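Convention: sequence-line order gives letters A, B, ...; per-chain numbering from 1. Small disclaimer: the values here were computed from a predicted structure and weren't measured.
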Amino acid sequence: MASGYNPQQIEEKWQRRWAEDKLYRVTEDSTRPKWYALTMFPYTSGDLHIGHWYAVVPADVHARFKRMRGYNVLHPMGFDAFGLPAENAAIKRGIHPFTWTMQNVDNMRRQLRSIGAIYDWSREVITCLPEYYQWTQWFFLKLYQAGLAYRDKAPVNWCANCQTVLANEQVVNGFCERCGTLVTRRDLAQWFFRITKYAEELRQHDGIDWPERIKIMQRNWVGKSQGAEIAFALDHPGVGEKEIRVFTTRPDTVFGVTFMVLAPEHPLVAELTASERLAEVEDYIERSRRRTDIERLATEREKEGVFIGAYVTNPLNGEKVPIWIGDYVLMSYGTGAVMGVPAHDERDFIFAKKYKLPIPVVIAPSDWQGGELEAAYTEPGVMVNSGRFNGLPSEAGIDAVCEYLEEKGWGKRAVSYRLRDWLISRQRYWGAPIPIVYCEKCGIVPVPEADLPVLLPENAEFKPTGESPLKYCPEFVNTTCPQCAAPARRETDTMDTFMCSSWYFLRYASPHYQAGPFAPDKLDYWLPVDLYTGGAEHAVMHLFYARFFVKALRDMGLVGFGEPFQRLFNQGVIIVERQKMSKSRGNVINPDAYVSELGADAVRAYLMFVAPWEQGGEWDDSGLSGISRWLNRLWHLVLAEYSPGEAAGAEAERALARITHQTIRKVTGDLERLRFNVMVSALMELTNYLAKVKEAGSVNKESWVGAIKTLLLLLAPAAPHLTEELWQRLGYAYSIHNQPWPEWDETLAQDEEVTLVVQVNGKLRDRLTVPVSITEAEAKELAQGSQRVRAHLEGKTVIKEIYVPGKLLNIVVK
RNA sequence: GGGGGAGUGCCGGAACUGGCAGACGGGCCAGACUUAGGAUCUGGUGUCGCAAGACGUGGGGGUUCGAGUCCCCCCUUCCCCA
């Protein structure tokens, strides 16, 4: 009798052997179709928990399946290694971010190896190494040259006491984390990428296979609205500006404007404020500085504002409109000014009620009697009190008003996006330095490509200031101007880490290429990514930035495609005790103990089985032991001596072939559609069936051997170590992972008999086992012969009979 | 407030384009083998009912010969945006 299943031994053994043989080493091969399967690379946080496994294992199973189906599969792995936690570790524990990060990489790489995936480790990328971030900086320069990178002022969190910039997480309830001083917002010159240039294209997802909800989220993120930009005339002594422009989606309501609201930081506020209002206005501006944008926009918050004592004129009706400031208007959206139409906008309605501003109706509800409104009416209606437009339906009015505005030169049709440019400056150490030099004479000077990388100095001081530590590193800051050689200063901010992950999938094609970020021929072979999998939390940020990057590179002629990820799939989340796993909750499941006790193969199979991949589910030890039992049973079944019994015969052999081929068909389809849970259950069913066959000895040796072989091949992607071991023990040639995927024969998979359901008035009355070839007439006759069916037909007239071939007969009676 | 999911036995979940609800696994119950069992094997397991049968996929309505599946309303819950 064979020895027992011992995953500890065989898993390590095969992992070593595969590595020695370079079994999963990938090179370009024009004779096979390529398949680029990418899993989002992990952040180097320290340990892989079971959630990481959940992201990684089914992706590996699918990649292995593709490999067996004859594809040349690239399935790489790497590490997203820059970012704040490394710097916090430096501050808290006095360990250098590089050391901390690389220790984590070592540990995570070890854990990832224990999974037994087909990663080609020679292609690993680590974003914090100079050989990588040199190209991150190179891309910055390319974007700068293309006019897609620019410097502008943007607000940051500022602590007046510490005299420093704070990161968002250092602001606790609006106060400085350390000294408790109220945090205000202050403008700082920072770098932006002009992602808004691609707003329209980023809304479209033509030709790519992405989940509908991710596409919707991205469209909402871009936030396109159509409407008009309208100039309200300004005539204010001593002010050069002659108009204030507002964007509105409702030009049909312009006759109902009774006030205008500017963002408190609007540049005209200082000039327009009447002296007697000054104190109140300044006080209001000061208070709104302390609020975050999210607070300012919160719908449940009371809308507040202050009249500044100035007016504009409504071009359509010539009325004087008082100017207010209100912090629910943001400078960064639209023009930083909105028109107030209280009768037809909820926020404006509340605002007008509070400050007793008039609320004239200009869009009449169908049942309107001319009275006052109880609440804002935002639906379509008929235009009233609107001069020449009276009587027009409001939907048609939008167009008519636009037409008129354009004719008179008072405004124009316009599109407004919610999307803002991407702020990439971080006042942090652990990131790729922005390759820019500031020179007294030459101004902003990009670092020449030949001088890359701009290395992060090792000896930076980590003060928990929130300000870039590079600022206090003279060897780094002080340099010479690349243009005029005069003394100059380096940019001390580093780049947002989303920048590193916006192009890493390009690097895997040629990770050691030194003449550029990628070798063009290799890129052409592998890209775009065929299947990209990862968590849905990256729906907007990472996936959005990566798409922007690729589109920008396409327009520079650097890549030949406009979408990086052909198909996107989001797996669900593994939860523990009904809660999301997190370090702070202390409910993180580390897979190492399970791997050493039950084996990686059992953990792999369990994660596939626990729930549909896109859904995720609860981690449950007892479910895992069920899988372990199955693999054990399978092990003994495969290695057991098989001897046909006296009852062995052709019918049972046909039945076994049928089940086997049906299983091939099912498993193939399930893997193709990433339905791993049902794939595993199909393999369990086949195992159970084989156990019965074995017990009965009902087939000849050849049939048995063939079925076992198929079972192993079908299981190989899911349980690579176990199947490799059994494959070898059965005497087949190494490696099972180089075998072609089994094909099914549709004829053999065909059922000979089916269960015909007989219903009377839609209620199940009998089940008949009939040959598949049964005709409608035969089926009806058989049904009539059924005692149980007849009982329900007695004394009734048959009105109609519905027959679904091979499935069902429904007799409708009265 | 807007957008998107999800509600099926005791539990995780099956059910392809409407056609046998509950596959597979866990748990539980009974039995076998055992010095022992958190091992292994066999059988059972939606609810009510002795049975025939009736009921049953969050609730209510609808379409249909037939609805877990399609349509409308409602409830619960999760995620994203505000």
Side-chain angles (χ1 to χ4, degrees), chain A residues 4 211-223 293-301 328 330 333 346-347 350 376 378 418 535-541 570 572-575 578-580 605-633 636 663 665-666 669-670 672-673 675-689 691-692 694-695 754-769 787-788 791-792 798-814:
Chain A
E212 204 52 44
R213 60 178 231 279
I214 302 292
K215 293 196 278 188
I216 290 167
M217 276 193 235
Q218 292 204 340
R219 277 202 293 274
N220 291 343
W221 187 256
V222 174
D293 288 1
I294 292 163
E295 279 171 341
R296 283 170 59 166
L297 291 172
T299 41
E300 57 272 16
R301 216 182 107 233
Y328 69 97
L330 297 182
Y333 289 142
E346 281 160 28
R347 289 186 307 181
I350 296 164
T378 57
R418 204 188 68 99
E537 66 273 21
H538 293 111
V540 278
M541 309 277 257
N570 297 114
V573 179
I574 292 288
I575 56 171
R578 312 182 60 84
Q579 289 191 310
K580 214 168 165 171
Y606 174 64
L607 287 174
M608 281 181 276
F609 186 64
V610 68
W613 197 28
E614 69 272 24
Q615 186 186 307
E618 175 97 20
W619 176 261
D620 174 16
D621 291 16
S622 63
L624 176 60
S625 60
I627 292 287
S628 198
R629 267 178 240 170
W630 167 51
L631 294 180
N632 243 303
R633 231 169 37 237
H636 290 291
T663 306
R665 183 173 63 189
K666 174 148 179 53
D670 288 341
E672 208 60 80
R673 291 179 297 157
R675 294 163 45 85
F676 302 101
N677 57 333
V678 284
M679 174 208 71
V680 172
S681 69
L683 292 176
M684 286 173 168
E685 282 180 87
L686 181 57
T687 312
N688 294 345
Y689 189 84
K692 288 212 174 72
K694 159 106 194 344
E695 192 61 34
V754 290
T755 305
L756 183 79
V757 172
V758 184
Q759 299 180 332
V760 177
N761 285 348
K763 283 193 200 297
L764 178 91
R765 293 307 173 192
D766 205 356
R767 294 180 235 254
L768 307 170
T769 303
Q787 203 56 252
R788 283 141 90 178
H792 291 91
V798 175
I799 299 170
K800 176 147 72 152
E801 286 173 304
I802 284 130
Y803 179 66
V804 182
K807 279 210 168 133
L808 162 147
L809 176 69
N810 187 11
I811 306 168
V812 186
V813 298
K814 208 158 82 179

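Across A:H792 and A:V813, no two heavy atoms sit closer than the pair O-CG2, 4.4 Å. Of all heavy-atom pairs between A:A539 and A:Q218, the closest is O-NE2, 2.9 Å.
Taking the P atom of each, B:G31 and B:G12 are spaced 29 Å apart, rounded to whole Å. Nucleotides B:A39 and B:C55 have their C1' atoms positioned 41 Å apart, rounded to a whole Å. The P atoms of B:C11 and B:G46 are separated by 14 Å, rounded to the nearest whole Å. Atom name C1', nucleotides B:G56 and B:G22: the rounded distance is 11 Å, in whole Å. The separation of B:C65 from B:G18, taken at their P atoms, amounts to 15 Å, rounded to a whole angstrom. Comparing the P positions of B:G58 and B:U76 gives a spacing of 16 Å, expressed to the nearest Å. Taking atom C1' on both B:U57 and B:A14, the two are 12 Å apart, rounded to the nearest angstrom.
Every stem involving RNA chain B, taken as at least 3 paired positions in a row under the Watson-Crick or G-U wobble test at 3.5 Å, is listed here: B:1-7 with B:75-81, B:10-12 with B:24-26, B:27-32 with B:40-45, B:46-48 with B:53-55, B:58-62 with B:70-74.
When distances are taken from the side chain of A:N810 to each of B:C20, B:G66, B:G25, the shortest belongs to B:G66. Which of B:A14, B:C20, B:G19 sits closest to the side chain of A:K807 comes down to B:G19. Closest approach to the A:S681 side chain among B:C20, B:G26, B:A23 is made by B:A23 (side chain taken as heavy atoms from C-beta onward). For A:V812, taking side-chain heavy atoms from C-beta onward, the closest of the listed nucleotides B:G13, B:C65, B:A15 is B:C65. Distance from the side chain of A:E685 is smallest to B:A23 among B:A14, B:C81, B:A23.
Applying the 4.0 Å criterion to OP1 and OP2 of B:A82, one finds that A:R347 has every side-chain N and O outside that range. Under 4.0 angstrom from either OP1 or OP2 of B:C65 there lies at least one side-chain N or O belonging to A:K800. Taking 4.0 angstrom as the limit, A:N688 places a side-chain polar atom (N or O) nearer than this to OP1 or OP2 of B:G25. A close approach under 4.0 Å does not occur between any side-chain nitrogen or oxygen of A:R629 and OP1 or OP2 of B:C41. For the OP1/OP2 pair of B:G19 and a distance below 4.0 Å, the side-chain nitrogens and oxygens of A:Q759 include no atom meeting the criterion.
Rounding to whole angstrom units, CZ of residue A:R219 and C1' of B:C80 are separated by 14 Å. One can place CD1 of A:I574 at 19 Å from P of B:C78, the figure rounded to the nearest angstrom. When rounded to the nearest whole Å, the span between CD of A:E695 and C1' of B:G43 equals 14 Å. Rounded to whole angstrom, the span from the CG atom of A:L808 across to the C1' atom of B:G66 amounts to 8 Å. Across the protein-nucleic acid pair, A:E614 atom CD and B:G5 atom C1' stand 11 Å apart, rounded to whole Å. Atom P of nucleotide B:G27 and atom CD1 of A:I627 are separated by 12 Å, given to the nearest angstrom. Atom CG in A:N570 sits about 17 Å away from atom P in B:G4, given to the nearest Å. Atoms NE2 (A:H538) and C1' (B:C80) sit 14 Å apart, rounded to a whole Å.
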For nucleotides 48-57 of chain B, list the nitrogen or oxygen atoms of the protein found under 3.5 Å from its nitrogen or oxygen atoms, one pair per line.
{"unit_1": "B:A54", "atom_1": "OP1", "unit_2": "A:R765", "atom_2": "NH1", "d": "3.4"}
{"unit_1": "B:A54", "atom_1": "OP1", "unit_2": "A:R765", "atom_2": "NH2", "d": "3.2"}
{"unit_1": "B:A54", "atom_1": "OP2", "unit_2": "A:R765", "atom_2": "NH1", "d": "3.3"}

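Among the protein residues, A:R767 comes within range of the nucleic acid bases, having at least one heavy atom under 4.0 Å from a base atom. Note on A:G626: only backbone sugar-phosphate atoms sit closer than 4.0 angstrom, heavy atoms only; bases stay farther off. Looking at heavy-atom distances under 4.0 Å, A:R665 makes no contact with the nucleic acid at all. Using a 4.0 Å heavy-atom criterion, one finds that A:V804 contacts the bases of the nucleic acid, with or without backbone contacts as well.
Comparing A:E212 and A:V757 by the nucleotide of RNA chain B that holds the closest heavy atom to each, the one mapping nearer the 5' end is A:E212. Positionally, the nearest nucleotide of RNA chain B for A:N677 lies more toward the 5' end than for the other of A:I802 and A:N677.
Two rings, from A:Y606 and A:W630, have their centers 6.0 Å or more apart.
Salt bridge annotation for A:K215-A:E212: present, with a cationic side-chain nitrogen under 4.0 angstrom from a carboxylate oxygen.
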A:N688 and A:R633: CA distance, side-chain angles, deciding distance, side-chain hydrogen bond (donor to acceptor under 3.5 Å, both in side chains) verdict: CA-CA 9 Å; A:N688 294 345; A:R633 231 169 37 237; 3.1 Å; yes
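Rounded to the nearest 0.5 Å, atoms CD1 (A:I627) and CG (A:N632) are 12.0 Å apart.
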